[in-house]
Amino acid sequence: MTATILVTGATGKLGQRVVSRLLQKEAKVRVLTRRREDALKLWGDRVDIAEGNFSDPASLKEASRGIGTVFLLSPIGETLAADQNAVIDAALSAGVSLIVKISGSDWTIANAARSISGAAHAEVEKHLTGSGIAHAVLRPNAWMQVALEPVVAALRKGEDVPARLGDAAVSFIDADDIADVAVHALTASVPVSSTFVLTGGEALTALEIARIAARILHRPVGISHNSGTAFPPDIGVFEQKAIGEFGQLIREGLAASINDTIHQITGRLPRSVEDYLRARLAATTPQGDHSEGEKTWR
Ligand SMILES: NC(=O)c1ccc[n+]([C@@H]2O[C@H](COP(=O)([O-])OP(=O)(O)OC[C@H]3O[C@@H](n4cnc5c(N)ncnc54)[C@H](OP(=O)(O)O)[C@@H]3O)[C@@H](O)[C@H]2O)c1
């Protein structure tokens with residue numbers, strides 16, 4: 001494997017995990033970012049930095065020059081489909097041979113009429129297929145690093161587990177497991193062209209998470225139905241709608257499916273919620289074992 005891999009969304013929660021794994025494998029990495037200084041702080045000269053913006057086609061063309069493979073990720077927002085389609089178009093012009101896309105959760109795409117985020121990801125998947133570029137699409141379930149962080153914050157304050165999703169079970173997945181699958185797809189000697197639905201290994205309700213927390217903390221832990229619903233100020237209208245729709249679909253039980261894709265691809269079991277909570281609650285700083293300042297609402 002010698003061709004350079006372009007990582008979009010590299011400075012974000014999943015992208016950082018993907019870049020560090022690629023560097024461990026001694027892959028040649030170029031990162032697309034609007035924040036050169038932040039990328040320099042993260043990786044110094046170990047990556048090639050392409051300063052650019054999804055909204056600037058010339059910067060995408062420049063970032064794609066000489067690239068063999070693209071990791072495609074952009075944040076949820078009204079420009080998601082346009083942004084990702086622009087990366088695909090630039091990749092096509094540059095002769096890229098493989099794209100690995102982080103898509104929405106399977107149940108958002110299957111219910112795209114009730115999920116603006118799922119609809120946007122579905123539009124990108126269609127564009128990707130139409131491009132003719134070989135591609136792997138990863139559809140991960142709700143991430144622990146996002147969905148469980150309000151639980152971690154509440155437990156740290158001595159509170160109960162917030163039950164934002166009623167009594168629905170969710171098979172939360174660790175972003176590190178997603179990154180492992182993504183890197184497998186990005187570096188496979190024979191390109192894997194498929195859609196992978198990625199789930200955690202167990203579907204848990206808030207009550208079951210409270211029982212796990214009680215075991216870890218050696219104190220009684222219940223569930224709280226009074227968790228706040230206010231959005232932080234940096235969350236736009238599109239994302240607020242998308243998050244509201246996630247909640248509705250999850251409450252219907254759609255995020256509870258389990259499969260063994262992580263095990264099949266990585267050869268090990270997905271990380272458990274208990275293991276995640278133990279590590280996060282043992283961490284001494286609020287950011288815990290990851291220092292990238294993860295947004296924790298989504
Ligand atoms: N959280 C979940 O449970 C979940 C489940 C399924 C799917 N997903 C999907 O995962 C994705 C979010 O991943 P994440 O949480 O890792 O993202 P994130 O942490 O929010 O990071 C976003 C990244 O996008 C880059 N970016 C944003 N705007 C850009 C622009 N205009 N031009 C170039 N780069 C830009 C940022 O780079 P710079 O700031 O450095 O430019 C940053 O690296 C979404 O597509 C979401 O649908 C999430």
Side-chain angles (χ1 to χ4, degrees), residues 6-19 30-43 47 49-60 62-64 70-84 86-87 90 100-110 112 115-125 137-150 165 170-179 181-182 196-200 232 234-236 238-239 242-243 245-247 249-250 254-255 290 292-298:
L6 175 65
V7 179
T8 64
T11 60
K13 289 181 283 297
L14 187 58
Q16 286 192 40
R17 290 171 164 85
V18 167
V19 171
R30 182 178 299 163
V31 299
L32 178 76
T33 179
R34 297 162 300 175
R35 302 179 285 137
R36 173 178 288 277
E37 288 307 313
D38 290 29
L40 271 173
K41 271 186 218 146
L42 283 166
W43 303 296
V47 302
I49 299 172
E51 203 162 358
N53 196 309
F54 295 133
S55 63
D56 175 3
S59 71
L60 298 182
E62 189 56 32
S64 305
V70 172
F71 174 78
L72 179 56
L73 179 151
S74 72
I76 291 176
E78 58 198 346
T79 61
L80 186 150
D83 290 348
Q84 297 199 8
V87 175
V100 176
K101 169 178 161 49
I102 296 301
S103 203
S105 301
D106 192 48
W107 40 271
T108 65
I109 293 167
S115 168
I116 50 171
S117 163
H121 279 298
E123 189 182 330
V124 178
E125 289 191 13
V137 169
L138 313 189
R139 294 181 179 176
N141 207 7
W143 305 0
M144 292 179 183
Q145 282 78 358
V146 175
L148 292 183
E149 283 303 303
L165 303 167
V170 180
S171 56
F172 300 103
I173 186 169
D174 182 10
D176 284 305
D177 287 336
I178 305 169
V181 173
F196 298 95
V197 175
L198 306 178
T199 77
D234 66 325
I235 297 203
F238 183 101
E239 206 178 347
I243 292 167
E245 291 168 342
F246 295 154
L249 294 170
I250 290 173
L254 298 179
H290 295 108
E292 65 263 43
E294 299 181 338
K295 287 182 184 171
T296 56
W297 223 96
R298 285 145 277 184

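Numbering of ligands and ligand atoms starts at 1, following listing order. Computed from a predicted structure; not experimentally measured.
The shortest separation from a heavy atom of Asp38 to ligand 1 is not under 4.0 Å, leaving the residue out of contact. In this structure, Ser55 falls outside the shell of residues with a heavy atom less than 4.0 angstrom from ligand 1.
Ser171 and Asn141 form a side-chain donor-acceptor contact under 3.5 Å, judged by distance and modelled atom types alone.
Taking the side chain as every heavy atom from C-beta outward, Asp177 and Leu198 never approach each other to under 4.5 Å.
Applying the 4.0 Å criterion to heavy atoms of Thr11 picks out, from ligand 1, the atoms 36 (C), 37 (O), 38 (P), 39 (O), 40 (O), 42 (C), 43 (O). Residue contact check: Lys13 has heavy atoms under 4.0 Å from atoms 15 (O), 16 (O), 18 (P), 19 (O), 20 (O) of ligand 1. Those atoms of ligand 1 that come under 4.0 Å of a heavy atom in Ser105, given as number and element, are 5 (C), 6 (C). Close contacts between ligand 1 and Ser74 involve ligand atoms 11 (C), 44 (C), 45 (O) [criterion: under 4.0 Å to a heavy atom]. Taking a cut-off of under 4.0 Å to the non-hydrogen atoms of Arg35, the atoms of ligand 1 that pass are 38 (P), 39 (O), 40 (O). Close contacts of ligand 1 with Ala142, meaning ligand atoms under 4.0 Å from a residue heavy atom, involve 3 (O). Within ligand 1, counting atoms from 1 as listed, the ones closer than 4.0 Å to a heavy atom of Leu14 are 16 (O).
Atom OG1 of residue Thr199 and atom CD1 of residue Ile173 lie 6.0 Å apart, to the nearest 0.5 angstrom. The CD atom of Gln84 lies 9.5 Å from the OG1 atom of Thr79; values are rounded to the nearest 0.5 Å. Rounding to the nearest 0.5 Å gives a distance of 10.5 Å between CG of Leu80 and CD of Glu239. Put simply, CG on Leu32 and CD1 on Ile49 are 11.0 Å apart, with the number rounded to the nearest 0.5 Å.
When atom types are taken as modelled, the side chain of Glu62 and the backbone of Ala50 share no donor-acceptor pair closer than 3.5 angstrom. Panel note: side chain Glu123, backbone Ala81; no donor-acceptor pair is recorded below 3.5 Å. Under a 3.5 Å cut-off, the side chain of Ser103 and the backbone N or O of Leu138 do not form any donor-acceptor pair.
By the criterion of a heavy-atom distance under 4.0 Å, the backbone of Ala10, and not its side chain, is placed next to ligand 1. Neither the backbone nor the side chain of Ala39 has any atom closer than 4.0 Å to an atom of ligand 1 (non-hydrogen atoms only). Proximity of Asn141 to ligand 1, defined as any heavy-atom pair under 4.0 Å, is confined to the backbone N, CA, C and O atoms. When heavy-atom distances to ligand 1 are checked against a 4.0 Å cut-off, His121 comes that close only through its side chain, counted from C-beta outward. Only the backbone of Ser103 comes within contact range of ligand 1, with a heavy atom under 4.0 Å; no side-chain atom does.
Among all heavy-atom pairs drawn from Ile109 and Gly118, the shortest one is CG1-O, 3.8 Å.
Closest heavy-atom approach to atom 23 (C) of ligand 1 among the candidates Gly9, Ala120, Ala242: Gly9. Of the options Asp83, Leu80, Ile76, the smallest heavy-atom separation from atom 46 (C) of ligand 1 is shown by Ile76. For atom 36 (C) of ligand 1, the candidate residues are Arg34, Gln16, Glu37; the nearest heavy-atom contact is made by Arg34.
Enclosure of atom CD in Glu78 is not indicated, since only 12 or fewer non-hydrogen atoms of other residues, nucleotides or ligands lie within 6.0 angstrom.
Put simply, the residue from Leu6, Val100, Val7 that forms a side chain to side chain contact (heavy atoms under 4.5 Å, CB included) with Val70 is Leu6.
The distance criterion of under 3.5 Å between nitrogen or oxygen atoms is not met by Pro140 with respect to ligand 1. Between Ser117 and ligand 1, no N or O atom pair is found at a separation short of 3.5 Å. For ligand 1, the polar-atom distance check against Leu73 finds no nitrogen or oxygen pair separated by under 3.5 Å. Checked against a 3.5 angstrom limit, the closest N/O atoms of Phe54 and ligand 1 fall inside it. Checked by distance only, ligand 1 and Trp143 come closer than 3.5 Å through their nitrogen or oxygen atoms.
Comment: Lys13 does not engage Glu149 in a salt bridge, judged by the lack of any side-chain N to carboxylate O separation of less than 4.0 angstrom.
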